[in-house]
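Per chain, numbering begins at 1; letters A, B, ... match sequence-line order. Reckoned from all heavy atoms, side chains included, excluding hydrogens, waters and symmetry mates.
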Protein chains: 2
Amino acid sequence: MSLLHPVDRSSVPGLRSARRIPAGEHLYRAGAEGPAWRLHAGAIRLDTTGPDGHAAFASLAIAGDILGCEAMLFGVYTFSATALTECWLLPWPEGRREVAADSLLASLAQAQQRAANIVALRGGQAMARVVGLIRLFGDSAGRVILPTRQDIADITGLRFETISRIIKGLERSGVLVPVRVEGVRATRSYAVDPAVLNGLPAA
Amino acid sequence: MSLLHPVDRSSVPGLRSARRIPAGEHLYRAGAEGPAWRLHAGAIRLDTTGPDGHAAFASLAIAGDILGCEAMLFGVYTFSATALTECWLLPWPEGRREVAADSLLASLAQAQQRAANIVALRGGQAMARVVGLIRLFGDSAGRVILPTRQDIADITGLRFETISRIIKGLERSGVLVPVRVEGVRATRSYAVDPAVLNGLPAA
DNA sequence: CGCATTTTTGATACACGTCAATCTCCGTGG
DNA sequence: CCACGGAGATTGACGTGTATCAAAAATGCG
């Protein structure tokens, strides 16, 4: 296995002011004040804090999504945001101008599409759910960096033991091949069988 | 059981141009052209049409939600919309003016909140999911008009036989009491135990 | 090198799925 | 007004996919 290096973000135009969040850390918590963000790279989970103070998975943001825009309306964040993988974010809206209606409309349409994706990850058999999540997280080059087993379990509504069994099964059947990436846990970086990454039902 | 009568919508201000959709009928289909709508009363399911032409539950709209705004951006609807209960809708945006950014922002925040609700309906034990859906559909007076068992099953990611068993169980334990409403099927209109309608874990 | 965290694996239980047979409701037409 | 028929709902018997509990192994940090 060759050792890959993470992308150098400092060369990306307009990303001077980008904020980096390491995997597992909070971007913000429900009830706190702060700006809205656009997620440039990585994945973030959003949790509601129940009346009993117990956090429950509520939604998912992946590259391109807008997060925390409700704080522009209510003053505080509704959800807590935690990085599932290393993330790069930009304050939103980007320019110093007013928020364009078109931009908001696009965000709204995208939010609905994302919601439909998440719903699909929470129905059907466990194998199909996990493969769906791998597709959602996989890049065009056929590589994935997955969240922890526990986070995958929260997203799919399964148990981490079940996730572990399924991912090990996909490894054994060759659908997933471990890939070492600097700064990423060994159990979380894989190359994905391209046939499975697009439509096929997997093993 | 007394016979209740449906609300007379003609007395609601600004609802002259409202469109009525009977339970079970389509408002629009994916790929078609049309305006965006605000759902004034009732509930609507949104389905994605998969590559195999097979429809899958994607999202839910309840009173106050905006539907089909993606058609303002892409020209066509992304999802198919079907009435779960009798619905009243208004074309959106309401006035003849431009869409206000604030209004869109509110819709975006609401869409995210709704998505979190739906996610919650698709995890945990079957009883908790069904009770959660009853809470979502129940009005402040403690009455619910539910979708068909099949629709509830699609929303919660369970089977209609399971839904039937759970709802019958709630009836037998007195949490749900059948209520006759004109034009609504006997199995779909109930009074809900107020203790269960707010926080309590149910039977 | 030791230790906390995460992941893997096994054995067992049970909640829900599946299949199939009624039963109820309600609209239709004789 | 009642017989008919179809869609939706209920119920039972049985199978199975995940949950649950428990223990060991792997991973990576200090």
Does one side chain, of B:Tyr28 or B:Glu33, offer a donor that lies under 3.5 Å from an acceptor on the other? no
Quick check: does any side chain N or O of B:Arg29 sit under 3.5 Å from a backbone N or O of B:Ser80, one acting as donor and the other as acceptor? no
Once you round to the nearest 0.5 Å, how far does CG of A:Leu146 lie from CD1 of A:Ile134? 5.5 Å
Check the distance between D:dG8's C1' and B:Lys168's NZ and give it to me in whole angstrom. 13 Å
Rounded to the nearest 0.5 Å, the CD1 atom of B:Ile145 sits from the CG atom of B:Leu84 at a distance of 12.0 Å
Rounded to 10°, the angle between the first-five-pair and last-five-pair axes of the helix from C:dC1-D:dG30 to C:dG30-D:dC1 is 40°
Could you tell me how far apart B:Glu25 (CD) and D:dA7 (P) are, to the nearest whole angstrom? 16 Å
When the distance from CZ of B:Arg188 to P of C:dC26 is rounded to whole Å, what number comes out? 11 Å
For B:Glu182 and C:dC26, what is the distance between atoms CD and C1' respectively, to the nearest whole Å? 14 Å
What's the separation between atom CE in A:Met72 and atom CG in A:Leu104, rounded to the nearest 0.5 Å? 7.0 Å
Could you tell me whether the phosphate oxygens of C:dT8, OP1 or OP2, come under 4.0 Å of any side-chain nitrogen or oxygen in A:Ser164? yes
SG of B:Cys87 to CD of B:Glu25, rounded to nearest 0.5 Å, is 11.0 Å
Which donor-acceptor pairs under 3.5 Å do side chains of residues 105-127 of chain A form with protein atoms, sequence neighbours excluded?
from	atom 1	to	atom 2	distance (Å)
A:Ser107	OG	A:Ser103	O	3.1
A:Arg114	NE	A:Asp65	OD2	2.8
A:Arg114	NH2	A:Asp65	OD1	3.1
A:Arg122	NE	B:Val119	O	3.3
A:Arg122	NH1	A:Asp154	O	3.0
A:Arg122	NH1	A:Ile155	O	3.0
A:Arg122	NH2	B:Val119	O	3.4

May I ask you to say whether A:Asp47 pairs ionically with A:Arg45, meaning some side-chain N is under 4.0 Å from a carboxylate O? yes
What string of B, S and - do you get for nucleotides 17-30 of chain D, 5' to 3', when a contact is any protein heavy atom under 4.0 Å? SSSBB-----BS--
